[in-house]
Amino acid sequence: MEAYDHQKIEPTWRELWEKNHVFGSPKLAGKKKKYILDMYPYPSGEGLHVGHPLGYIGSDIVARYYRMNGYDVLHPMGWDAFGLPAENFAIKKGVHPKETTDKATARFKQQLYNIGLSYDWEREINSSKPDYYRWTQWFFLLMYDKKLSYLKKAPVNWCPHCQTVLANEQVIQGKCERCDTPVEQKELQQWFSNITSYAERLLSDLDKIDWPDRTKAGQRNWIGKSTGARITFSLKDSDQTIEVYTTRPDTLGGATYLVLAPEHPLLSGETMSIPNQKEVNEYINQAKMKSDLERSELQKEKSGVFTGLFAVNPLNGKHIPVWTADYVLISYGTGSIMGVPAHDQRDFDFAKKYGLEVIPVIKPSGLWYIGYVAKKWSNDYQEFLTSLENINAEFIKKDDESVLFKFDPKHIDAFIDFSKKNIKTGSWHDVMGDDYVVIFDDGSVHKVERFVEDSDVWGREHDLEPGVREFSGLWDMLMHSDYVETICFADEGSMFNSEQFDGLSSSEGREKVIAWLEEQNIGHKETQYKLRDWLISRQRYWGPPIPIIYCTKCVGDGRHEVVNKNGQEVAVIPVPESDLPVLLPEDVNFKPTGQSPLVDSESFREVTCPQCGASGEGVFRESDTLDTFVDSCWYFFRFADPHNENEFASKEKIESWLPVDIYVGGAEHTVLHLMYARYITKVLFDYGYISFDEPFTALRHQGLILGPDGRKMSKRWGNVINPDEVVENLGADTLRMYEMFMGPFTNVLGWNTDGINGVRRFIERIWKVFHEGEKITDQTTPKTLESLHKTIKKVGADIETFSFNTAISSMMEFMNTLEEKNETISKSDAQSFIKILSVFAPHISEEIWFGLHGWQKTGEALIDRTVQLSDWPPYDAEIAKGSDVTIVVQVNGKVRATLQLERKDNGWDKSDVESLARQEPSVSRYFDGVEVKQVIYVPDKLLNFVI
RNA sequence: GCCGGAGUGGCGGAACUGGCAGACGCGUUGGUCUCAAAAACCAAUGGUUGAAUAAACCGUGAGAGUUCGAGUCUCUCCUCCGGCACCA
């Protein structure tokens with residue numbers, strides 16, 4: 001008896017598979033294809049921990065499954081090898097990024113190889129190699145040619161630590177995604193790509209792809225579509241106007257002031273004079289000093305200054321003040337807003353702070369009244385609370401001293417009634433709704449419409465309570481009471497205080513107001529997106545150089561775009577395609593200076609203008625590099641044709657393999673990579689390069705593996721599990737199976753050393769049964785046969801839905817059955833089981849497979865013999881159903897018995913089952929002296945007596 | 001605040017279109033083997049009452065509802081995780 005020795009089995013098979021190119025991916029005419037792709041990794045110097053391969057193992061199983069099911073499968077792997085960590089390491093240690101990257105790549109590859117992943121390594125790609133980034137540069141030129149990439153001076157995100165600009169998507173909560181340094185805003189000339197022109201399609205096409213909900217939601221949220229109106233406000237005593245964007249034109253009547261972002265051009269004073277220019281300038285400078293983070297972190301406390309200007313509310317002609325405040329962002333909409341404090345929380349906070357007018361124009365359709373009553377105003381506070389409960393009041397805030405509540409207006413009379421009885425002398429109760437209703441201690445009831453001053457009410461309140469005397473009026477008092485919490489109503493309702501639009505619902509009103517604005521020629525419907533253009537240039541070294549040459553001599557030729565660069569006029573000359581790649585020079589100083597290190601490379605700087613042939617002074621290259629997300633936005637095309645020297649990939653090969661059928665990777669790429677890749681795909685589609693416009697038909701995210709201590713694996717905690725060690729000690733098959741068995745593929749799970757031993761035990765049992773042949777005879781016993789067919793069915797279905805954990809548990813169930821006394825299996829049925837096992841545990845399966853066939857372990861005829869390329873076994877649906885049925889017998893929905901019956905072709909009759917059930921003592925004992933009202937029967941499943 | 005996702009034994013988790021809740025594995029307990037231990041194997045394992053492998057009741061975050069029957073459907077609420085967030 002030969003013990004299971006993974007160290008003896010696994011490396012040998014891996015070598016044989018690789019040598020014989022078992023996992024090659026020819027595309028044969030007429031055969032179905034599956035392109036199953038992992039997000040290609042950044043090869044970090046740290047190497048892999050066991051969490052990294054989780055996704056790779058899952059996709060590998062799926063790839064193997066489809067391969068065995070007769071598909072041509074493309075399952076490649078490559079390296080996202082450009083990027084900041086290697087460069088930062090170079091700065092710190094002086095080792096060239098190329099060197100560290102190549103080393104890390106080799107290590108990664110070895111680690112992945114050791115897990116027995118079925119990649120076609122002949123298609124390996126590396127984004128830092130010239131034969132790859134040549135095409136990254138080509139994509140840039142394509143976008144430039146189609147006016148999709150452009151140079152623009154704009155406020156951009158700048159990371160002071162990394163000394164480079166960042167895309168919006170790389171700023172996480174105001175901080176650099178790499179180093180966590182707060183990001184600054186700088187006005188810089190940068191290369192952008194016009195992804196915003198694809199916003200609508202990027203949004204609507206989400207409907208046609210099979211992606212996780214949260215990922216789609218993340219993209220929708222990032223694109224941030226909103227519909228509303230652009231409204232032009234004219235300024236008092238001036239012919240200038242201010243345009244605002246709003247999603248709530250129905251609240252126009254409530255606009256009591258305007259706010260401009262501090263960066264708004266009007267504030268410079270160049271186009272018109274600003275009365276309070278001095279204060280405004282001070283404020284602008286102050287705002288400039290703040291980082292984005294500071295501006296948003298201080299959001300509780302709003303700030304701003306009055307410009308001295310007044311605008312005219314077009315709906316009611318009121319003169320309203322114009323302010324500037326940094327809660328308004330220049331980058332969204334028109335950079336200015338109308339302040340509607342009654343119906344927007346932010347505007348309300350601002351108005352409250354600066355004492356601006358609040359005019360409500362939307363009421364909540366008479367759905368409720370809001371009231372506030374303090375204990376000190378009531379005779380019996382407890383009784384008052386009980387009365388409130390009797391009218392079904394909903395408590396917003398309730399404690400021993402006071403209560404804030406709301407209730408249905410139909411109870412207003414009841415409220416007035418019990419309030420009258422419960423008011424302390426010298427006090428009053430009040431509620432706010434359609435009206436402001438006040439009930440005084442003498443029983444008089446006052447109703448105030450629209451919160452306007454009412455001398456009766458105000459006078460009485462003033463007389464009754466000393467505290468009231470501090471306030472200048474009714475509104476002032478409301479604003480300083482607990483009502484403030486409820487005065488601002490941001491939902492939809494019906495319009496009032498809005499001239500001809502009174503009585504309309506918000507949704508109707510929106511349309512009508514927009515129509516009216518259009519008639520007056522002072523506004524129109526508008527759609528806005530949060531998505532910004534993609535900033536693609538970086539002032540760093542380790543990336544593909546941007547293939548652009550600037551030439552002063554070509555400025556006048558009228559054929560090239562002219563820009564101002566470093567204070568001089570230059571023509572923008574794209575590097576001709578035949579001159580690609582623009583090689584990344586190696587003789588550079590990596591120190592980040594805020595300029596690309598390429599500036600200092602002599603070999604890089606010296607260039608001849610491809611247009612006019614000039615060189616020397618006045619002709620120079622763009623020294624910025626492309627962001628690594630440009631590398632990764634197209635790499636999945638390259639796998640179809642990785643060695644093509646004439647195109648990024650041939651059209652024919654793209655069409656035969658793409659789009660990617662199943663894409664597997666981390667959820668952290670919700671917006672960055674996945675959005676850019678979709679964008680590039682749409683560009684290629686639009687310009688006729690490809691015939692599809694979504695790159696990834698289906699997307700799945702793998703979960704996270706935490707350390708045994710439940711913390712994220714990290715050197716810092718000393719809880720990193722290295723896959724190399726697991727492979728060494730327990731074997732790649734055990735590692736693969738355990739990672740798939742740990743739990744659902746997408747879950748966050750802790751590594752458990754006991755758990756992996758359980759899987760190892762399972763594998764050893766398989767070895768004992770199949771390799772030692774303990775249970776193999778020439779007959780499969782019926783029970784085992786049924787279990788086998790069930791298992792084949794379930795494993796196949798589970799793989800397709802990424803339910804690997806349940807696939808493995810059904811294989812365990814099968815083994816449990818087979819290992820029961822007297823159960824045996826035939827050789828060919830054993831082979832079927834080994835086939836399905838092989839996608840999870842390829843090495844041991846191959847060993848057993850060869851053993852069952854009596855073949856020698858050699859490369860001879862391996863392609864024809866290997867279990868890896870065998871056919872997925874079919875299952876017999878009839879056998880899988882089983883020979884017996886179990887019918888549950890319930891009395892009033894409670895299980896009282898089960899009937900084990902032989903399966904009948906057309907199922908059991910209700911009457912037969914019922915009479916059998918009635919014979920069961922555990923059922924019939926419930927029938928004494930009661931009448932069975934109803935009997936419910938679900939064929940072959942359940943019988944329920946209702947008594 | 002908004003948008004997603006999820007709450008099931010001691011733990012990871014099963015449960016198809018509503019139909020035996022807790023599959024499978026870990027852990028735990030008992031046993032076999034052993035001088036002993038480990039490993040391996042066998043058995044038990046949601047909770048309460050109970051001598052019980054009798055029986056009953058309770059059990060899928062909380063509360064209501066629909067239904068003969070709810071982990072699954074509907075409503076309200078709570079908690080946790082993830083993403084976005086002054087986007088007008």
Side-chain angles (χ1 to χ4, degrees), chain A residues 172-174 212-222 224-226 228 244-248 251 255 259 261 292 295-300 302 325-329 331-340 343-347 349-350 394 490 528-532 667-668 670-671 701 704 737-738 741-744 746-759 761-762 764-765 768 794 797 801 803 805-816 819 886-898 922 925 933-938 941-947:
Chain A
I172 313 292
Q173 314 211 315
D213 285 343
R214 63 165 167 152
T215 309
K216 286 192 190 184
Q219 293 217 349
R220 280 195 195 100
N221 190 34
W222 191 260
K225 180 181 181 172
S226 74
V244 303
Y245 173 74
T246 178
T247 53
R248 292 293 300 272
T251 65
V259 189
D292 247 23
R295 266 171 81 157
S296 60
E297 258 186 5
L298 294 170
Q299 58 182 275
K300 310 126 223 166
K302 298 215 172 355
D326 65 6
Y327 81 93
V328 174
L329 307 176
S331 53
Y332 186 77
T334 59
S336 46
I337 60 149
M338 60 182 203
V340 186
H343 305 292
D344 182 283
Q345 191 60 48
R346 294 153 301 177
D347 296 343
D349 294 343
F350 189 74
E394 190 186 310
Q528 281 283 340
Y529 300 92
K530 283 198 260 177
L531 184 70
R532 297 279 79 103
E668 68 274 15
T670 298
V671 284
H701 297 306
L704 215 61
M737 272 224 157
Y738 173 60
F741 183 63
M742 284 175 81
T746 48
N747 278 25
V748 178
L749 296 159
W751 186 266
N752 179 333
T753 313
D754 289 325
I756 195 170
N757 287 332
V759 171
R761 256 194 302 274
F762 172 62
E764 281 175 12
R765 278 162 59 199
K768 223 165 72 192
K794 175 132 181 77
T801 57
S803 310
N805 56 330
T806 50
I808 292 172
S809 62
S810 72
M811 289 192 282
M812 288 173 168
E813 283 179 76
F814 166 76
M815 285 302 291
N816 290 346
E819 285 185 297
T886 307
I887 297 176
V888 174
V889 183
Q890 297 182 333
V891 178
N892 277 350
K894 290 208 156 120
V895 181
R896 298 300 175 187
T898 55
S922 56
R925 51 192 281 240
K933 289 187 193 134
Q934 199 186 347
V935 181
I936 285 159
Y937 180 58
V938 181
K941 269 198 161 165
L942 173 132
L943 188 78
N944 188 11
F945 293 98
V946 184
I947 56 174

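All chains are named by letter (A, B, ...) in the order of the sequence lines, taking the proteins before the strands, and each is independently numbered beginning at 1. Computed from a prediction, not measured in an experiment: that's the story for all the values here.
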Rounded to whole angstrom, note down the C1' distance from B/U53 over to B/A14.
26 Å
Could you measure the distance from the CG atom of A/Asn757 to the CD atom of A/Glu764? Nearest 0.5 Å is fine.
9.5 Å
Which nucleotide, B/A55, B/C84, B/G19, lies nearest any side-chain atom of A/Arg925?
B/A55
Spacing of CE belonging to A/Met338 relative to OG1 belonging to A/Thr251, to within rounding of 0.5 Å:
3.5 Å
May I have the distance from A/Asn816 (atom CG) to B/C26 (atom C1'), rounded to whole angstrom?
14 Å
A/Asp754 has an atom CG; how far is it from atom P of B/A40, in whole Å?
11 Å
Taking atom P in both B/C2 and B/C77, compute the distance separating them and give it to the nearest angstrom.
11 Å
Side chains of A/Tyr327 and A/Asp347: any donor to acceptor distance under 3.5 Å?
yes
So, is A/Thr806 close to the B/A23 phosphate, meaning a side-chain N or O under 4.0 Å from OP1 or OP2?
no
Working to the nearest 0.5 angstrom, can you tell me the gap between A/Asn944 CG and A/Arg896 CZ?
11.0 Å
Under 4.0 Å from OP1 or OP2 of B/A14: is there any side-chain N or O of A/Asn805 that close?
yes
Listed nucleotide nearest any side-chain atom of A/Lys302, set B/A88, B/C3, B/C86:
B/C86
Separation of the P atoms in B/C20 and B/G71, to the nearest angstrom
10 Å
Starting from P on B/G25, measure out to CE on A/Met812 and report it in whole angstrom.
6 Å
Assign a letter to each nucleotide of nucleotides 68-73 of chain B from its 5' end: B, base within under 4.0 Å of a protein heavy atom; S, sugar-phosphate only; -, no contact.
B-----
Spacing of CZ belonging to A/Phe945 relative to OH belonging to A/Tyr937, to within rounding of 0.5 Å:
11.5 Å
Short side-chain N/O contact to B/A88 OP1/OP2 from A/Tyr332, under 4.0 Å:
yes
Contact check, side chains of A/Arg248 and A/Val340, non-hydrogen atoms, under 4.5 Å:
no
Whole-Å distance, A/His701 NE2 to B/G5 P, equals 13 Å
In whole angstrom, give me the gap between the P atoms of B/A23 and B/G18.
23 Å
P gap between B/G27 and B/G83, integer Å:
33 Å
On RNA chain B, compare the nucleotides closest to A/Val759 and A/Val888; which residue's is nearer the 5' end?
A/Val888
Side chain of A/Phe741 (C-beta onward), nearest among B/G13, B/A88, B/G25:
B/G25
Rounding to the closest angstrom, what is the interatomic distance between B/G13 and B/A85 at atom P?
29 Å
Select base, sugar-phosphate, or nothing to describe what A/Gly758 touches, counting heavy atoms under 4.0 Å on all strands.
sugar-phosphate
Using a cut-off of 4.0 Å on non-hydrogen atoms, how would the nucleic acid contact of A/Lys894 be classed: base, sugar-phosphate, or nothing?
sugar-phosphate
Heavy atoms from C-beta onward define the side chain here; which of B/C84, B/G27, B/G12 lies closest to that of A/Asn221?
B/C84
Inter-nucleotide C1' distance (B/G5, B/A56), Å rounded
39 Å
Find out whether A/Met811 and A/Met737 are in side-chain contact, i.e. whether some heavy atom of one side chain is under 4.5 Å from a heavy atom of the other.
yes
Quick check for you: among B/C20, B/G19, B/A88, whose closest atom lies nearest to any side-chain atom of A/Thr886?
B/C20
Could you tell me whether B/G9 is syn or anti, where syn means a glycosidic angle within 90 degrees of zero?
syn
Can you see if the side chain of A/Arg896 gets near the phosphate of B/C20 - specifically, an N or O under 4.0 Å from OP1 or OP2?
no
Would you tell me if any nitrogen or oxygen in the side chain of A/Asn747 comes within less than 4.0 Å of OP1 or OP2 on B/G5?
no
Are OP1 or OP2 of B/C11 and a side-chain N or O of A/Asn752 less than 4.0 angstrom apart?
no
Taking the C1' atom of each, how far is B/C26 from B/A44, in whole Å?
16 Å
Bracket notation of RNA chain B in which parentheses pair within the strand, [ ] cross earlier pairs, and | pairs with another strand (Watson-Crick or G-U, under 3.5 Å):
(((((((..(((......[....)))((((((.......))))))((((.....))))..(((((..]....))))))))))))....
Roughly how many Å is it from CD1 in A/Ile808 to C1' in B/G13, rounded to a whole number?
13 Å
Please answer whether the main-chain N or O of A/Ala667 pairs with a side-chain N or O of A/Arg214 as donor and acceptor at a distance below 3.5 Å.
no
Output the single nucleotide from B/C86, B/C41, B/C16 whose closest atom is nearest the side chain of A/Lys941.
B/C16
Name the closest nucleotide to the A/Asp213 side chain, picking from B/A88, B/G5, B/G12.
B/G5
Decide yes or no for A/Leu943 and A/Ile936: does some side-chain heavy atom of the first lie under 4.5 Å from some side-chain heavy atom of the second?
no
Rounded to the nearest 0.5 angstrom, the CD-OG1 distance for A/Glu813 and A/Thr806 is 10.0 Å
Using a cut-off of strictly less than 4.0 Å, decide whether A/Arg761 has a side-chain nitrogen or oxygen near OP1 or OP2 of B/A40.
yes
Counting side-chain heavy atoms from CB outward, which of B/A21, B/C3, B/C86 is closest to A/Val895?
B/A21
Regarding A/Pro744, tell me which of base, sugar-phosphate or nothing describes its non-hydrogen contacts under 4.0 Å with the strands shown.
sugar-phosphate
Expressed in angstrom and rounded to an integer, what is the separation of A/Leu749 atom CG from B/C11 atom P?
15 Å
Rounded distance (Å) that lies between atom C1' of B/C24 and atom CD of A/Glu819:
14 Å
Do A/Tyr738 and A/Phe762 have side chains that get closer than 4.5 Å, going by heavy atoms?
no
Considering just the side-chain nitrogens and oxygens of A/Lys794, establish if one lies under 4.0 Å of OP1 or OP2 belonging to B/C24.
no
Please report the interatomic distance CG(A/Asn816) to CZ(A/Arg765), rounded to the nearest 0.5 Å.
5.0 Å
How close or far is atom P of B/C24 from atom CZ of A/Arg765, stated in whole angstroms?
11 Å
Given side chains that start at C-beta, do those of A/Asn747 and A/Met742 come closer than 4.5 Å, heavy atoms only?
no
